[in-house]
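For reference, the structure discussed in these notes is given below.
Atoms considered below: every heavy atom in the structure, side chains included; atoms not considered: hydrogens, waters and symmetry mates. Chain identifiers are assigned alphabetically (A, B, ...) following the order of the sequence lines, protein sequences preceding nucleic acid strands; residue numbering begins at 1 within each chain.
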Amino acid sequence: MSITIKDVEHVANLARLELSEQEKEQFNGQLNAILKYAEKLNELHTDDVEPTSHVLPVYNVMRDDVIKPSVSNETALRNAPDEDDGQFKVPAVLE
Amino acid sequence: MALFDLRLQDVHSKLRTKELSALDLVESSYAQIAKTDESVKAFLTLNEEGARKAAAELDGALQAGGEQGLLFGLPAGIKDNIVTEGITTTCASQFLRNYDPIYDASVVKKLKSAQSITIGKLNLDEFAMGGSNENSSFFPTRNPWNTDYVPGGSSGGSAASVAAGQVYFSLGSDTGGSIRQPAAYCGIVGLKPTYGLVSRFGLVAFASSLDQIGPLTKNVEDSAYVLQAIAGYDPSDSTSANVEIPDYVSALSGDVKGLRIGVPKEYMGAGIDPAVKEAVLAALKQFESLGATWEEVSMPHTEYAVATYYLLASSEASSNLARFDGVRYGVRAENPDNLIDLYRKSRSQGFGPEVKRRIMLGTYALSSGYYDAYYLKAQKVRTLIKQDFDNVFKDFDLIIGPTAPTTAFRIGEQVGDPLTMYLNDICTIPVSLAGVPAISVPCGFADGMPIGLQIIGKAFDERTVLRAAHAYEQHTEHHKQRPQL
């Protein structure tokens with residue numbers, strides 16, 4: 001399996017990245033090299049192996065539904081690049 | 001003897017007898033930073049005003065006869081991917097260059113209650129992605145043993161600042177070796193605890209199933225003290241382990257008689273520098289003379305660990321880093337066409353090349369049509385790698401090998417070749433995938449650069465890891481060497 005420039009563009013779009021032509025070329029080569037190396041994993045038969053997503057036996061963690069202090073509106077907006085009327089401001093979503 | 005070479009208990013007794021004050025310790029830290037950081041470049045941000053204020057408060061409390069916390073007065077450096085309220089936290093990324101956290105990470109709260117003093121924030125590879133510190137978007141940190149060499153990474157600033165005597169200890173984070181490998185390269189002690197032992201709340205997430213915070217120190221005793229202060233269950237971290245925390249310091253008995261050590265042949269084979277191998281074998285001889293036994297074992301899936309790790313860690317990273325969208329914090333691109341364009345432009349301007357590369361790799365591995373072939377396959381191989389550890393630990397108490405295949409390399413030597421860079425982590429990555437604890441301790445030098453010995457233990461058996469590391473250290477002088485700066 002080999003990645004093309006078109007694949008790179010598709011993945012960049014999924015990842016919400018805008019790449020220059022030079023970056024596309026570079027990532028195309030590097031990702032192909034890394035994925036080629038990763039094909040090494042196909043040497044192993046894993047049909048009967050359970051996947052490990054987590055090493056500890058920790059499952060859904062619940063907490064009691066009690067009200068606790070939360071951050072103030074002002075604090076929550078402390079790092080906002082743009083704000084208006086106590087809310088994060090973004091470009092219009094709907095035309 | 002430098003102030004920071006004093007044992008913790010000696011520092012504390014000098015504080016009690018007023019021979020020394022917390023403010024003296026803080027001033028000593030900033031004096032050493034002023035003297036050495038122009039060449040080492042470990043710090044991104046200093047907390048001078050805050051540290052002096054905290055020291056004065058501690059001195060006042062001691063005067064008033066208050067209790068001394070476990071790490072009372074000790075100057076600490078914090079890796080800059082651990083959030084600190086009121087102190088800029090950048091992750092060494094342009095994306096967060098002005099980020100002002102609204103809370104303290106749980107480990108920072110724990111350090112505050114143990115009464116150490118935050119000196120400043122330490123450099124890293126951007127978002128902890130890298131093994132040399134060259135991926136910092138600000139500047140690379142340099143190895144105190146030779147400033148033409150990398151300090152390792154990603155906790156390179158954390159390791160270099162301890163090696164340079166700028167702080168008493170530091171905190172780092174380890175995803176695939178990011179505490180142990182820089183500790184090895186800089187000739188200090190670095191401990192990656194069992195996954196889940198130390199809360200990750202407030203650690204900017206890279207790969208959530210692997211990330212773990214741990215101490216970087218000059219010796220094993222300090223490592224035990226810092227671990228004691230930061231370990232423990234935290235309801236704010238849903239992956240935090242709810243286990244009882246033992247006494248780590250009392251584990252340092254000096255006795256390793258009867259300990260059974262497995263030495264994986266895969267950790268000592270091709271690609272391992274002969275000088276590193278020789279130093280590890282000499283350490284094993286030392287353990288033998290102390291009454292431990294060792295034999296060669298096989299961990300047959302070791303060679304698959306690096307590929308497994310890069311697929312899993314990059315996949316998790318691509319998901320975790322989706323939060324950096326330019327809306328709530330961080331940089332926001334000017335004049336976007338629409339909301340999607342705002343995300344795209346902000347991320348593209350804010351992230352450096354290695355971060356983009358891993359997001360791309362991870363997004364690809366998780367994308368429709370490739371998920372089974374890459375991500376799921378890697379999760380299955382992770383199971384096999386973990387089983388290698390389970391099998392060896394049926395018959396052995398510890399696994400020992402090198403921390404890294406070589407000593408530190410020159411700055412610039414491996415830039416542009418990500419795959420070679422990734423292979424530097426071949427000895428640390430399997431341990432991260434298995435989630436077990438491991439420590440790197442100094443075990444020699446090759447051409448003037450330090451070598452690290454990796455001691456790996458069973459899950460939550462940090463006591464045995466620390467005991468063995470400490471016993472070894474008591475019979476060697478490597479950890480007492482200091483770089484000339």
Side-chain angles (χ1 to χ4, degrees), chain A residues 1 3 7-8 10-20 23 26-28 30-31 33-63 71-72 75-83 88-93 95, chain B residues 98-100 102-103 195-196 209 235 238-239 241 301 303-304 306-308 310-311 318 322 325-332 336-345 347-348 351 353 356-357 359-361 363-364 367 373-374 376-384 386 418-419 433-435 459:
Chain A
M1 244 180 302
I3 300 192
D7 295 328
V8 169
H10 171 63
V11 173
N13 181 48
L14 292 176
R16 300 285 183 256
L17 289 171
E18 192 174 74
L19 303 180
S20 67
E23 279 177 314
Q26 199 185 21
F27 286 148
N28 191 28
Q30 289 173 340
L31 291 178
I34 295 167
L35 289 169
K36 189 164 184 301
Y37 177 72
E39 275 168 24
K40 195 177 168 51
L41 301 187
N42 294 331
E43 293 167 12
L44 296 169
H45 294 288
T46 53
D47 290 352
D48 303 326
V49 180
E50 285 293 311
T52 296
S53 54
H54 203 272
V55 287
L56 293 179
V58 177
Y59 301 101
N60 288 338
V61 179
M62 302 295 184
R63 64 166 173 78
V71 293
S72 68
T75 305
L77 289 167
R78 195 194 291 172
N79 287 283
D82 197 5
E83 58 167 302
F88 296 103
K89 193 176 174 187
V90 294
V93 181
E95 296 299 321
Chain B
N98 297 317
Y99 178 57
D100 176 18
I102 62 172
Y103 67 103
Y195 179 79
S209 80
S238 62
T239 58
H301 298 98
E303 62 174 304
Y304 302 99
V306 173
T308 302
Y310 277 94
L311 289 173
S318 80
D325 56 8
V327 171
R328 291 152 301 153
Y329 42 71
V331 299
R332 177 181 289 197
D337 295 338
N338 51 45
L339 188 58
I340 299 277
D341 195 46
L342 172 117
Y343 300 154
R344 208 177 273 143
K345 286 203 163 76
R347 290 164 63 78
S348 302
F351 293 147
K356 286 181 189 168
R357 181 156 46 241
I359 290 174
M360 291 289 291
L361 176 62
T363 305
Y364 181 75
S367 67
Y374 291 111
L376 187 65
K377 181 78 184 182
Q379 282 191 314
K380 289 181 167 191
V381 179
R382 184 177 186 179
T383 303
L384 298 175
K386 188 172 179 295
L419 203 49
L433 290 169

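- Paired with A:Thr52 under the rule side chain to side chain contact (heavy atoms under 4.5 Å, CB included), one option of B:Thr308, B:Thr383, B:Leu433 passes, and it is B:Thr383.
- In this structure, no portion of A:Glu83 lies under 4.5 Å from any heavy atom of chain B.
- Within the 4.5 angstrom heavy-atom criterion, only backbone atoms of B:Ala434 (N, CA, C, O) approach chain A.
- Top candidate by heavy-atom pairs under 4.5 Å with chain A, chosen from B:Leu384, B:Asp100, B:Val331, B:Thr363, is B:Asp100.
- Residue contact with chain B, scored on non-hydrogen atoms closer than 4.5 Å, involves the side chain of A:Arg78 exclusively.
- The choice from A:Ala80, A:Ala38, A:Ala76, A:Ala15 that makes the most heavy-atom pairs within less than 4.5 Å of chain B is A:Ala15.
- Residue B:Gly435 comes nearest to A:Val55 through the heavy atom pair CA-CG2, 3.9 Å, listed as atom of the first residue, atom of the second, then distance.
- The NZ atom of B:Lys377 sits 5.5 Å away from atom CG of A:Asn42, with the distance rounded to the nearest 0.5 Å.
- Most heavy-atom pairs under 4.5 Å with chain A: of the set B:Leu342, B:Asn98, B:Ile359, B:Leu361, this distinction falls to B:Leu361.
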Intermediate values then yes/no, side chain to side chain contact (heavy atoms under 4.5 Å, CB included), A:Val71 and B:Tyr103: CA-CA 9 Å; A:Val71 293; B:Tyr103 67 103; over 6 Å; no
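- Going from atom CE of B:Met360 over to atom CD1 of A:Ile34 covers 11.0 Å, rounded to the nearest 0.5 Å.
- Nearest heavy atom pair, residue A:Pro81 against residue B:Tyr329, reads CD-N, 3.9 Å.
- For A:Glu50, the CD atom counts as loosely surrounded, since its 6.0 Å shell holds 12 or fewer non-hydrogen atoms of other residues, nucleotides or ligands.
- Taken to the nearest 0.5 Å, the CD atom of A:Glu43 stands 10.5 Å off from the NE2 atom of B:His301.
- Using a 4.5 Å heavy-atom cutoff, the side chains of A:Leu17 and B:Ser348 are in contact.
- Ranked by heavy-atom pairs under 4.5 Å with chain B, the first of A:Asp7, A:Thr75, A:Leu19 is A:Thr75.
- At a 4.5 Å heavy-atom cutoff, the contact between A:Glu18 and chain B is made by backbone and side-chain atoms alike.
- Between A:Phe88 and B:Val327 the shortest heavy-atom distance is CD2-O, 3.5 Å.
- With A:Arg16 contributing its side chain and B:Tyr343 its backbone, the two residues share no donor-acceptor pair below 3.5 Å.
- No more than 12 heavy atoms of other residues, nucleotides or ligands sit less than 6.0 Å from atom NZ of A:Lys89.
- By number of non-hydrogen pairs under 4.5 angstrom with chain A, the leading residue of B:Gln379, B:Lys345, B:Glu303, B:Lys356 is B:Gln379.
- Side-chain contact between B:Lys380 and A:Leu44 is absent, with no heavy-atom pair separated by less than 4.5 Å.
- Residue B:Ser318: no heavy atom, backbone or side chain, is found under 4.5 Å from chain A.
- Rounding to the nearest 0.5 Å gives a distance of 12.0 Å between CG of A:Leu14 and OH of B:Tyr364.
- Neither the backbone nor the side chain of B:Pro235 comes within less than 4.5 Å of any heavy atom of chain A.
- When each of A:His10, A:Lys40, A:Arg63, A:Glu23 is scored by its heavy-atom pairs under 4.5 Å with chain B, the top score falls to A:Lys40.
- Scanning both residues, A:Leu56 and B:Tyr195, for their nearest heavy atoms gives CD1-O, 3.1 Å.
- Considering every non-hydrogen atom in both B:Pro336 and A:Pro91, the closest pair reads CG-CG, 3.9 Å.
- Looking at A:Asp48, there are no atoms closer than 4.5 Å to chain B (heavy atoms on both sides), in backbone or side chain.
- For chain A, the nearby part of B:Leu311 is the side chain; its heavy atoms alone come within less than 4.5 Å.
- Of the atoms belonging to A:Leu31, it is side-chain heavy atoms, and not backbone ones, that fall under 4.5 Å from chain B.
- Note: B:Tyr310 OH to A:Leu35 CG = 14.0 Å, rounded to the nearest 0.5 Å.
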